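Every value quoted in this text rests on a predicted model; they were computed, and no experiment measured them. Per chain, numbering begins at 1; letters A, B, ... match sequence-line order.
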2 protein chains.
Amino acid sequence: MLQNSEGHSKCEQCIVRQFNSLKSLTKNELVRISGCKTSKIIKKGEPLFQEGEHINGIFCIKDGLCKVSKMSDNGRDQIIHLIRKGDIIGERSLINDEVSNLKAVAVNDMEVCFIPKEEIIRDLQNNSNFSMDMLKKMASSLKNADNVIVDMAQKTVKQRLADTLIFLDEKFEKTEEGSIGISLTREDIANIIGTATESAIRLLSDFKKKKLINLKGKQIFVLNIPELQQISQGF
Amino acid sequence: MLQNSEGHSKCEQCIVRQFNSLKSLTKNELVRISGCKTSKIIKKGEPLFQEGEHINGIFCIKDGLCKVSKMSDNGRDQIIHLIRKGDIIGERSLINDEVSNLKAVAVNDMEVCFIPKEEIIRDLQNNSNFSMDMLKKMASSLKNADNVIVDMAQKTVKQRLADTLIFLDEKFEKTEEGSIGISLTREDIANIIGTATESAIRLLSDFKKKKLINLKGKQIFVLNIPELQQISQGF
DNA sequence: TATTAAATATGATATTTATCAGTTTTTTCT
DNA sequence: AGAAAAAACTGATAAATATCATATTTAATA
């Protein structure tokens, strides 16, 4: 192989772009961005960026998954987002010209493209389709954040675990065996729902006993979504 | 008095505009918007809009305060924002072209201006300063939402009450006597921190005993911010 | 102002969740 | 493969929080 086909692939031809705001860029803008982007491989467990870091651009996820978290005052990591192929991350710090308030760590091996800040800012200012698209994405994220806040504030840990299982089962392509397609530790799950690891483990066992899920090592099989939805709503 | 001076006042001269994204509009845009805006008085306790309602525009708060909340599955109202003079609300539903996911109720008598959707969309598309400003506002709201999620997920009710008292004391102009300048019921406070009303009342009494605050009827006097900050951080 | 309703307050108790301690299982690395 | 480390699990207990019941105070209003 004479060249790294990943590193030199073109944004104009990248299928991933269809899933995010970059789809609103013109051909010319894409060619320009393609010329200054860089590609990166992030190994499982490695950070894409850290809390407090100057990101200075956005990442477009070409492949893989990452967990985005924030450290709380009491020293526990709260996972706020799970990001996957097609998603963009870093646009907020870019727009506000601030260091990142979040940390992103690869859940499995990732391939990402990095686009420098200036290029994105330029297009946000000149291409109103692009900026409107970004606005829509943010408005939608804010709506979602409202829902998360309400759930965190009002639901029990059991309800939140049910929510999380439904969410993971829906959002991530399942494995061949039919289990949830994102391999998280029990600690990760606890850090998504905001509880102690032991509590998450106990409730998972509980759900297994009730045949709502099945557990085979790290694999989680969601068996009864309707019942999980009932639990989520407090029944 | 020959005309309602409130109803016919001009956006170009409105001081409130300085505090929000409308400051990025040009003179011409402001004159146009001024011509199609409408003014409204909302009495204490009345809704500005309801969950599920088509807002079809944005509200610019000229005076007064309102609480913005969302009903949770278990039937309790979670207050997500407190909005005051100079703030804008409704832009998210407008951008996403969706019904509101939130309810807004006046905490005291309010005076608001309503600007129809089409006018704002037009300016977002044509004035990149305006859209960048809106993007910045949303990016900042998202950052704030992250913090709220982490706090809700990880902090105890006591910590969240301390946070809320500090926040209310800082954000709202104090009364003449020096108490917190927004008059909320104990239930409202409970609905901000996400707990039962009784728990909020008990913790407030507790804080009073420890001389961190003083309570005189509905008035709350914050006495010891440093200690409240300690509590907020888990000490 | 008398009456009623709403808000605040407090006690008793049940439930939920965290913490600590320890065991077993799985994964990683040499 | 075998040792070491990490993750998963379980039990006992403490702490936090919700719920229910009821009393008291404050606000609303006829």
Side-chain angles (χ1 to χ4, degrees), chain A residues 43-46 67 72-78 105 107-109 151-162 164 179-180 183-209 213-220 231-232 234-235, chain B residues 43-46 67 72-78 105 107-108 151-164 179-180 183-209 213-220 231-232 234-235:
Chain A
K43 293 262 176 213
K44 177 179 174 175
E46 285 179 0
K67 53 184 178 184
S72 77
D73 285 342
N74 66 27
R76 198 143 54 194
D77 224 32
Q78 177 66 32
V105 173
V107 169
N108 51 26
D109 291 355
D151 287 350
M152 286 294 181
Q154 303 278 2
K155 288 189 174 180
T156 64
V157 172
K158 185 184 283 190
Q159 287 178 296
R160 273 149 40 204
L161 177 59
T164 299
S179 65
I180 287 176
S183 178
L184 298 168
T185 65
R186 300 290 190 263
E187 190 182 3
D188 284 335
I189 294 174
N191 290 348
I192 292 172
I193 66 185
T195 191
T197 306
E198 297 96 321
S199 300
I201 289 172
R202 260 182 258 272
L203 284 170
L204 282 170
S205 307
D206 203 46
F207 282 4
K208 183 183 177 181
K209 264 182 210 140
I213 61 172
N214 195 16
L215 301 172
K216 277 189 190 169
K218 197 147 292 186
Q219 286 191 305
I220 300 176
I231 289 174
S232 156
F235 297 108
Chain B
K43 292 263 176 212
K44 176 180 175 175
E46 286 178 359
K67 52 184 179 186
S72 78
D73 284 341
N74 67 27
R76 198 145 51 197
D77 223 32
Q78 177 67 32
V105 172
V107 169
N108 51 25
D151 286 350
M152 287 293 181
Q154 302 278 0
K155 287 190 173 180
T156 65
V157 172
K158 184 183 282 191
Q159 287 178 297
R160 271 143 47 201
L161 177 59
D163 279 338
T164 299
S179 65
I180 286 175
S183 178
L184 299 169
T185 65
R186 301 289 191 261
E187 191 183 3
D188 285 334
I189 294 174
N191 291 349
I192 293 172
I193 67 184
T195 191
T197 307
E198 296 96 319
S199 300
I201 288 172
R202 258 181 258 273
L203 284 170
L204 281 170
S205 306
D206 202 47
F207 282 4
K208 183 183 176 182
K209 263 182 212 140
I213 61 172
N214 196 15
L215 302 172
K216 278 189 190 170
K218 199 147 290 184
Q219 288 191 304
I220 299 176
I231 289 174
S232 155
F235 298 107

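Following rounding to the nearest Å, B:Asp206 (CG) and C:dT8 (P) show an atom-to-atom distance of 18 Å. One can place NZ of B:Lys209 at 11 Å from C1' of C:dA9, the figure rounded to the nearest angstrom. Distance B:Ile220 CD1 to C:dA9 C1': 14 Å, rounded to the nearest Å. A straight line from CG of B:Leu215 to C1' of C:dT10 spans 15 Å, rounded to a whole angstrom.
Residue contacts for A:Thr195: at a heavy-atom cut-off of 4.0 Å it reaches the sugar-phosphate backbone alone, with no base atom in range.
Extent of DNA chain D lying under 4.0 Å from chain B heavy atoms, first and last nucleotide in 5' to 3' order, is D:dT17 to D:dC20.
Going from atom CG of A:Asp73 over to atom CG of B:Asp163 covers 7.5 Å, rounded to the nearest 0.5 Å.
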Stepwise side-chain contact (heavy atoms from CB on, under 4.5 Å) check, B:Ile189 with B:Ile201:
CA-CA 9 Å; B:Ile189 294 174; B:Ile201 288 172; over 6 Å; no
Show your reasoning for whether side-chain contact (heavy atoms from CB on, under 4.5 Å) applies to A:Lys158 and A:Asp206.
CA-CA 10 Å; A:Lys158 185 184 283 190; A:Asp206 203 46; 4.0 Å; yes
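Residue A:Glu187 is the one, among A:Ala153 and A:Glu187, whose nearest nucleotide of DNA chain D lies closer to the 5' end (criterion: closest heavy atom).
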Tabulated below should be each protein N or O lying under 3.5 Å from an N or O of nucleotides 19-26 of chain C; please produce it.
unit_1 : atom_1 : unit_2   : atom_2 : d
C:dT19 : O4     : A:Arg202 : NH2    : 2.9
C:dC20 : N4     : A:Glu198 : OE2    : 3.2

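Using a 4.5 Å heavy-atom threshold, the side chains of B:Thr195 and B:Leu203 count as separate. Taking the side chain as every heavy atom from C-beta outward, B:Lys218 and B:Ser183 approach each other to under 4.5 Å.
Taking a 6.0 Å sphere around NZ of A:Lys155, one finds it holds more than 12 heavy atoms contributed by other residues, nucleotides or ligands.
For the pair B:Asn191 (side chain) and B:Gln78 (backbone), a donor-acceptor distance under 3.5 Å is absent. Using modelled atom types, one side-chain atom of A:Arg160 and one backbone atom of A:Ile193 make a donor-acceptor pair closer than 3.5 Å.
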